[in-house]
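Working notes for the structure below.
Just follow the structure's listing: the first ligand is 1, and inside any ligand the first atom is 1. We're numbering straight along the sequence, starting at 1.
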Amino acid sequence: MSTVISKARAMIPVARPFLGVEEEQGVLEVLRSGWVTQGPRVAEFERKFARFVGCEHAIAVSSCTTALQLSLWASGIGPGDEVICPSLSFIATANAIKCLGATPVFADIDASTYNIDPEVIEGLISPRTKAILAVHQMGLPAELNALQEIAIANKLKLIEDAACAIGASFHGEMIGKPVGDIACFSFHPRKIMTTGEGGMITTQNPELAARMSRLRQHAMSLSDVARHNSRQVALETYDEVGFNFRMTDMQAAVGIAQLDRLSTVLVRRRLLAKRYTTALNHLSWLQTPRIPTYSDHNYQSYMVLLTVGTVADRDAMMQRLLEKGISTRRAIMAIHREKPYQSSVWEERLPRTNRISDAGIILPLFHEMSELDQDYVIDTVLEMQP
Ligand SMILES: *Cc1c(COP(=O)(O)O)cnc(C)c1O
């Protein structure tokens, strides 16, 4: 038994966070300081994050899901309103709309970038439409200029679900300096920088930033830091209904260390992605990612498409890869196929979303993946012709 185990190749995971002693040190300092929730480290993380993406304001929150909820709420979206978004996304995109009583209206995607197709949006706008929620899927920016043009012409908000897109850029500008109104990031361990759980909102609008910053802690008029530092008794007020979406200082300390590593991480991920593309792009039965010249992908996920076969063939290939010790994931989900969003209307209206969701396989890619392990994945895929 033991020899079998020792001979077995370690499973190659699809993703793995990259954490080091700097993160450990940061958390330890916070624990020893006695200030554990939103405080000085959160403020520092916000300043550094804003500087990194080139935006004026950054507001740390508990996740990207709560970032999206807060952004939609602060944009005045509520019951009866419609928000246009892609179905090819993690379900959080639609849940953030739905939980405010508004309705997600799904737009199909561009078949080469897998992002929301600006061409179909105008046909989906109704008198109830209030916003476009664009997703930079897997870390590849959506066509923001075209989306913002539509948003302005129709008096809609443009909010970016940039959960996957830290470090990606669009026409030379880092994602996070919003082309529209607001961008929302995730620090879930599946993303390329993590705080365990966590999120960040960025905006160039100072009033909106100040309001969202209050709303994340029940609209309290004074922050805890301001109260703590005040030499006079400071009495806060609560001028509207708010939330508890705070990030802790432990998480922020991890985030600061992760941000310091991000440039190195991006270089490594882009190198590994290029190795995959070089090795696989000649195959007639498989399509590698297509990157428009104006975008820089962060390769949070490296997804290939099977251009022949059915969804069963795709699943069988994932199973064979798993048996060879290679963990993969199915493509980005199609939200309209999950119970809360199912309808025959969507199934007919979203052919490209359905196709990508049925044919995509996400291959392993993470910072500490060795070239040797990657070559093993490549060789195994090359043997898999369906
Ligand atoms: C991961 C993800 C989210 C949710 O992020 P959390 O921080 O886990 O709430 C939202 N949208 C997209 C596109 C994502 O990939």
Side-chain angles (χ1 to χ4, degrees), residues 14-17 42 45 49 58-73 83-100 104 106-107 109-110 113-116 131-142 144 147 158-168 170 175-176 178 182-202 216 243-248 251-252 254-255 258-259 269 289 297-303 329-336 338 340-341 353 356-357 360 362 365-366:
V14 73
R16 189 163 67 203
V42 165
F45 184 33
F49 192 92
I59 301 122
V61 289
S62 52
S63 69
C64 184
T65 305
T66 55
L68 292 169
Q69 284 172 20
L70 185 52
S71 300
L72 292 163
W73 174 272
V83 177
I84 297 172
C85 68
S87 167
L88 192 85
S89 183
F90 183 54
I91 197 163
T93 306
N95 282 349
I97 299 166
K98 191 94 171 179
C99 77
L100 296 179
F106 296 122
I109 47 152
D110 178 288
T113 64
Y114 317 141
N115 279 321
I116 193 165
I132 301 169
L133 180 52
V135 180
H136 305 306
Q137 201 46 264
M138 295 179 286
L140 181 68
L144 289 169
L147 296 172
L158 174 59
I159 299 172
E160 298 169 39
D161 179 342
C164 311
I166 181 68
F170 178 74
I175 293 295
I182 302 173
C184 300
F185 294 85
S186 171
F187 306 126
H188 181 272
R190 181 66 186 81
K191 321 299 183 189
I192 75 171
M193 63 175 276
T194 186
T195 58
E197 298 281 354
M200 190 72 81
I201 303 172
T202 58
R216 71 176 155 176
F243 308 89
N244 173 5
F245 288 163
R246 283 184 297 259
M247 175 183 275
T248 68
Q251 291 167 303
V254 174
Q258 289 273 287
L259 199 57
R269 299 191 81 93
H297 205 313
N298 71 5
Y299 291 104
Q300 183 217 272
S301 297
Y302 188 94
M303 184 172 84
R329 292 289 178 273
R330 67 169 180 178
I332 307 304
M333 65 190 293
I335 299 173
H336 72 275
E338 298 301 322
Y341 300 99
T353 297
I356 305 306
S357 193
I362 294 173
L365 199 165
F366 47 93

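- With contacts defined as side-chain heavy-atom distances shorter than 4.5 Å, the pair F170/H136 does not qualify.
- In this structure, V14 and I362 approach most closely via the heavy-atom pair CG2-O, 3.7 Å.
- Residues H188 and S63 have side chains not in contact (no heavy-atom distance under 4.5 Å, counting atoms from C-beta outward).
- Look at C164 and you'll find a heavy atom under 4.0 Å from some atom of ligand 1.
- Between S301 and R190, the side chains place a donor N or O and an acceptor N or O closer than 3.5 Å (distance only, hydrogens not considered).
- None of D161, N95, I97 except one satisfies the side-chain contact (heavy atoms from CB on, under 4.5 Å) rule with L68; the exception is D161.
- The ligand atoms of ligand 1 that sit less than 4.0 angstrom from a heavy atom of K191 are 1 (C), 2 (C), 14 (C), 15 (O).
- Residue contacts with ligand 1 for T65 involve both N, CA, C or O and side-chain atoms from C-beta outward (heavy atoms, distance under 4.0 Å).
- In the vicinity of S89, heavy-atom distances shorter than 4.0 Å reach the ligand 1 atoms 13 (C).
- By the criterion of a heavy-atom distance under 4.0 Å, neither the backbone nor the side chain of R190 is placed next to ligand 1.
- By the 3.5 Å distance cut-off applied to N or O atoms, H188 is not counted among the residues near ligand 1.
- The aromatic rings of F49 and F185 sit perpendicular to each other, their planes meeting at more than 60°, with 30° as the lower class boundary.
- Scanning the protein heavy atoms around atom 11 (N) of ligand 1, the nearest turns out to be D161 OD2, 2.8 Å.
- Under the 4.5 Å side-chain criterion, counting only non-hydrogen atoms from C-beta, F45 is in contact with M200.
- Residue, atom and distance of the protein heavy atom nearest to atom 12 (C) of ligand 1 are A163 CB, 3.4 Å.
- Close contacts between ligand 1 and V135 involve ligand atoms 13 (C) [criterion: under 4.0 Å to a heavy atom].
- Near S63, with a cut-off below 4.0 Å to any heavy atom, the atoms of ligand 1 are 7 (O), 9 (O).
- The N/O atoms of C64, backbone and side chain alike, include one that comes under 3.5 Å of an N/O atom in ligand 1.
- Heavy-atom proximity to T93, at under 4.0 Å, picks out these atoms of ligand 1: 11 (N).
- Annotation for G196 and P189: closest pair O-CD, 2.9 Å, computed over non-hydrogen atoms.
- Contact annotation: the side chain of T66 never approaches that of F243 to less than 4.5 Å [non-hydrogen atoms, C-beta and beyond].
- The nearest heavy-atom contact from the protein to atom 7 (O) of ligand 1 is S186 OG, 2.7 Å.
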